[in-house]
Amino acid sequence: GHVAVLDRLAKAPYSLQQEDARSDGNSALRIAAANGHVAVLDRLAAPPFSLQRKDARRADNDALRGAAANGHVAVLDRLA
């Protein structure tokens with residue numbers, strides 16, 4: 001699934017890091033939240049991505065708004 005892809009991207013030869021996960025206005029986090037992918041949010045919060053509360057608040061709280069608009073209560077709980 002999606003978490004396995006993130007795990008692979010964190011390893012060589014890709015070796016993606018926090019700055020990669022934050023690219024494009026934290027779109028990885030925003031898209032995962034809007035689509036209800038709690039496991040992806042959890043993986044993005046772990047090293048090497050290590051996204052934080054401030055990342056979820058970027059773009060006028062777009063991650064929160066996307067999750068709420070799509071009825072993803074589990075995501076809202078995780079972002080709280």
Side-chain angles (χ1 to χ4, degrees):
H2 303 296
V3 173
V5 171
L6 288 174
D7 287 341
R8 183 66 189 107
L9 290 172
K11 296 177 183 174
Y14 310 106
S15 302
L16 297 185
Q17 299 290 316
Q18 187 179 58
E19 62 270 12
D20 301 303
R22 285 182 169 156
S23 68
D24 193 27
N26 287 311
S27 65
L29 186 143
R30 291 185 293 116
I31 292 168
N35 288 301
H37 298 299
V38 175
V40 172
L41 293 177
D42 289 343
R43 182 63 186 94
L44 289 171
F49 305 114
S50 303
L51 296 187
Q52 304 164 1
R53 183 177 304 254
K54 67 181 179 179
D55 297 302
R57 290 183 172 157
R58 292 218 167 105
D60 290 329
N61 288 303
D62 194 46
L64 177 74
R65 291 184 296 119
N70 292 316
H72 298 303
V73 175
V75 171
L76 295 173
D77 286 344
R78 186 68 85 238
L79 293 175

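One is the number of the first residue; the rest follow in order along the sequence.
- In terms of heavy atoms, Gln18 sits closest to Phe49 at CG-O, 3.0 Å.
- No more than 12 heavy-atom neighbours from other residues, nucleotides or ligands sit within 6.0 angstrom of CZ on Arg53.
- Asn70 places a side-chain N or O within donor-acceptor distance of the main-chain N or O of Ala34, the cut-off being under 3.5 Å.
- Listed by first and then second residue, the salt bridge (Lys or Arg N to Asp or Glu O under 4.0 Å) pairs involving residues 37-47 are Asp7-Arg43, Asp42-Arg78 (not counting sequence neighbours).
- Cluster annotation: Ile31 is not connected to Val3 through the hydrophobic network of ILVMFWY side chains, with a link wherever side-chain heavy atoms come within less than 4.5 Å.
- The two residues Leu79 and Ala56 come nearest to each other via the heavy atoms CD2-CB, 3.9 Å.
- Looking at Arg30, its side chain does come within 3.5 Å of a backbone N or O of Gly25 through a donor-acceptor pair.
- Between Asp20 and Ser15 the shortest heavy-atom distance is OD2-O, 4.4 Å.
- Closest of all the heavy-atom pairs between Ala21 and Leu44 is CB-CD2, 4.3 Å.
- Scanning both residues, His72 and Ala33, for their nearest heavy atoms gives CD2-O, 3.6 Å.
- Here the straight-line distance linking atom OG of Ser23 with atom CD of Gln17 works out to 12.5 Å at 0.5 Å rounding.
- Annotation for Leu29 and Leu41: closest pair O-CD2, 3.8 Å, computed over non-hydrogen atoms.
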